[in-house]
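Computed from heavy atoms alone, side chains included, the values below leave out hydrogens, waters and symmetry copies.
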Amino acid sequence: MSENVHFRSTTRHMLRESQSYINQTLMGGLSGFESPIGLDRRDRINALKSGDIGFVHSWDINTSVDGPGTRMTVFLSGCPLRCQYCQNPDTWKMRDGKPVYYEAMVKKIERYADLFKATHGGITFSGGESMMQPAFVSRVFHAAKEMGVHTCLDTSGFLGASYTDDMVDDIDLCLLDVKSGDEETYKKVTGGILQPTIDFGQRLAKAGKKIWVRFVLVPGLTSSEENVENVAKICESFGDAVEHIDVLGFHQLGRPKWHMLGIPYPLEDQKGPSAAMKQRVVEQFQSHGFTVY
């Protein structure tokens, strides 16, 4: 803990030692994490600012989904954007996450460190929007780097201005969501603005970091040839930092969560892209020299 942060906490939950409890962590959720109790709102705000706690929605162990190798993907709570195709609207509000101690997160990485190194994997912070908790993420990444563990940030880049150059130094790979190639479409898709994504991608490239670009293809929303061309030009501005572009076809797997939360779902009857449309978009990106998946 930071010495200048004083919690009015009664006691901590301690990690249970039973093997059955440890095994539950492989099923996601938050089993096995030490979590603060007895903290009032001011305590939590101070601890969030210092990075002593982070608000976590869930976590999982996966392979070749959120970066190379076997990875521990931690889904943080809180997001400033409201993407029409969001799969996890239950992560929008930070207060809906569970506060987890920095030390507990580091211990979890230590437990899997040998596995990560053997598979060339590591830890990925996703969301929600991982950049809403810069102090927590950067402290955990720094600790991971000291263990020799690969780090990956999954982000829209929308809050890139909150990341210092020192924080960027501890990022090995960024899964950067380029949600649109023009401001008007970006606003329609997310409610936010595009320029911060471009700025952050260029900062990553300047710092010598690797980028996997993610682009969600939604017919009639992000699919126009002009929009795709603009996305390609943005990616070109990141230079050799871009290792590949993932073209992700829209699907309806997130719709039940919108219904469960009682949030009006703007893409209720939206269909996914046809094979021909996806191939056209793939070829557009390939024509700019990118490797595309």
Side-chain angles (χ1 to χ4, degrees), residues 15 19-33 54-79 83 85-92 96-98 100 104-133 136-137 140-141 143-145 147-157 170-178 209-217 243-257 272 291-293:
L15 292 173
Q19 188 62 45
S20 62
Y21 189 78
I22 292 171
N23 289 342
Q24 290 176 26
T25 63
L26 293 176
M27 300 175 66
L30 290 173
S31 299
F33 278 121
F55 286 84
V56 178
H57 173 270
S58 57
W59 74 285
D60 200 1
I61 297 290
N62 60 64
T63 303
S64 301
V65 176
D66 300 308
T70 300
R71 308 199 68 80
M72 172 181 173
T73 301
V74 180
F75 300 92
L76 298 179
S77 294
C79 184
C83 297
Y85 49 68
C86 181
Q87 295 182 56
N88 299 302
D90 51 333
T91 66
W92 286 351
D96 291 340
K98 180 180 180 181
V100 169
M105 187 68 66
V106 173
K107 287 178 182 176
K108 186 66 69 177
I109 297 171
E110 288 175 341
R111 178 175 296 170
Y112 292 106
D114 289 344
L115 173 64
F116 296 150
K117 293 173 186 177
T119 64
H120 304 288
I123 179 171
T124 298
F125 274 115
S126 187
E129 172 50 67
S130 52
M131 285 187 132
M132 279 195 73
Q133 303 184 49
F136 182 73
V137 171
V140 173
F141 272 1
K145 293 299 298 175
M147 296 180 220
V149 172
H150 183 274
T151 61
C152 177
L153 188 73
D154 182 3
T155 180
S156 69
D170 288 320
I171 301 170
D172 289 319
L173 170 68
C174 182
L175 310 182
L176 187 62
D177 296 321
V178 182
K209 306 302 177 179
K210 295 301 182 182
I211 301 172
W212 293 2
V213 171
R214 288 177 163 180
F215 173 70
V216 179
L217 178 60
E243 291 194 330
H244 68 259
I245 298 175
D246 290 307
V247 177
L248 307 175
F250 170 78
H251 56 69
Q252 289 285 8
L253 295 180
R255 181 167 56 185
K257 287 188 178 181
T291 298
V292 186
Y293 298 126

For Val292, give me all partners under side chain to side chain contact (heavy atoms under 4.5 Å, CB included), at least two apart in sequence or on another chain.
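Val292 satisfies side chain to side chain contact (heavy atoms under 4.5 Å, CB included) with Val247, Val282, Phe285, Gln286, Phe290 only.
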
Check: Asp66/Thr73 side-chain N/O donor and acceptor closer than 3.5 Å
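The criterion, which ignores hydrogens and geometry beyond distance, is satisfied for Thr73 and Asp66.
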
Is it true that Asp96 and Ser77 share a donor-acceptor pair across their side chains at a distance under 3.5 Å?
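No, no side-chain donor-acceptor contact under 3.5 Å.
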
Between [X] (side chain only) and [Y] (backbone N and O only), is there a donor and an acceptor less than 3.5 Å apart?
| X | Y | answer |
| --- | --- | --- |
| Ser156 | Asp177 | no |
| Thr91 | Asn88 | yes |
| Thr70 | Phe116 | no |

Heavy-atom distance under 4.5 Å between the side chains of [X] and [Y], does that happen here?
| X | Y | value |
| --- | --- | --- |
| Asn62 | Val65 | yes |
| Lys98 | Val56 | no |
| Met72 | Thr124 | no |
| Lys209 | Leu173 | no |
| Glu243 | Val213 | no |
| Leu248 | Arg214 | yes |
| Glu110 | Met147 | yes |
| Met105 | Val100 | yes |

Would you name the heavy atoms of [X] and [Y] that are closest together and state the gap between them?
| X | Y | result |
| --- | --- | --- |
| Val178 | Phe215 | O-CD1, 3.3 Å |
| Trp59 | Val74 | CB-CA, 4.1 Å |
| Thr151 | Ala144 | CG2-CB, 3.9 Å |
| Gly54 | Gln133 | CA-OE1, 3.2 Å |
| Met132 | Cys79 | SD-N, 3.1 Å |

Under the ring-ring contact (aromatic ring centres under 6.0 Å, His included) test, residues paired with His244 that sit two or more places apart
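If we apply the ring-ring contact (aromatic ring centres under 6.0 Å, His included) test to His244, skipping adjacent residues, the hits are Trp212, Tyr293.
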
Could you give me the CA-CA distance, side-chain angles and deciding distance for His150 and Lys145, then say whether side chain to side chain contact (heavy atoms under 4.5 Å, CB included) is met?
CA-CA 7 Å; His150 183 274; Lys145 293 299 298 175; over 6 Å; no

Full working for side chain to side chain contact (heavy atoms under 4.5 Å, CB included) between Cys86 and Trp92:
CA-CA 10 Å; Cys86 181; Trp92 286 351; 3.4 Å; yes

Side chain to side chain contact (heavy atoms under 4.5 Å, CB included), that's the test. Do Glu129 and Thr155 meet it? Break it down for me.
CA-CA 6 Å; Glu129 172 50 67; Thr155 180; 2.7 Å; yes

For this output row, return yes or no: ring centroids of Phe55 and Phe136 closer than 6.0 angstrom.
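Phe55 vs Phe136: aromatic centres not under 6.0 Å.
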
Run the salt-bridge test on Arg71 and Asp60 with the 4.0 Å N-O cut-off and return the result as yes or no.
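A salt bridge is absent here (no side-chain N lies under 4.0 Å from a carboxylate O).
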
Quick check on side-chain contact (heavy atoms from CB on, under 4.5 Å): which of Arg255, Gln252, His251 does Gln87 satisfy it with?
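Among Arg255, Gln252, His251, the one that satisfies the side-chain contact (heavy atoms from CB on, under 4.5 Å) with Gln87 is His251.
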
To the closest 0.5 Å, what do you measure between OG (Ser126) and NE2 (His57)?
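If I round to the nearest 0.5 Å, the distance is 11.0 Å.
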
CG/Leu153 to CG/Leu175 distance, rounded to the nearest 0.5 angstrom?
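Here the rounded value is 8.0 Å.
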
Criterion ring-ring contact (aromatic ring centres under 6.0 Å, His included) on Phe75 and Phe125, from CA distance to verdict
CA-CA 6 Å; Phe75 300 92; Phe125 274 115; over 10 Å; no

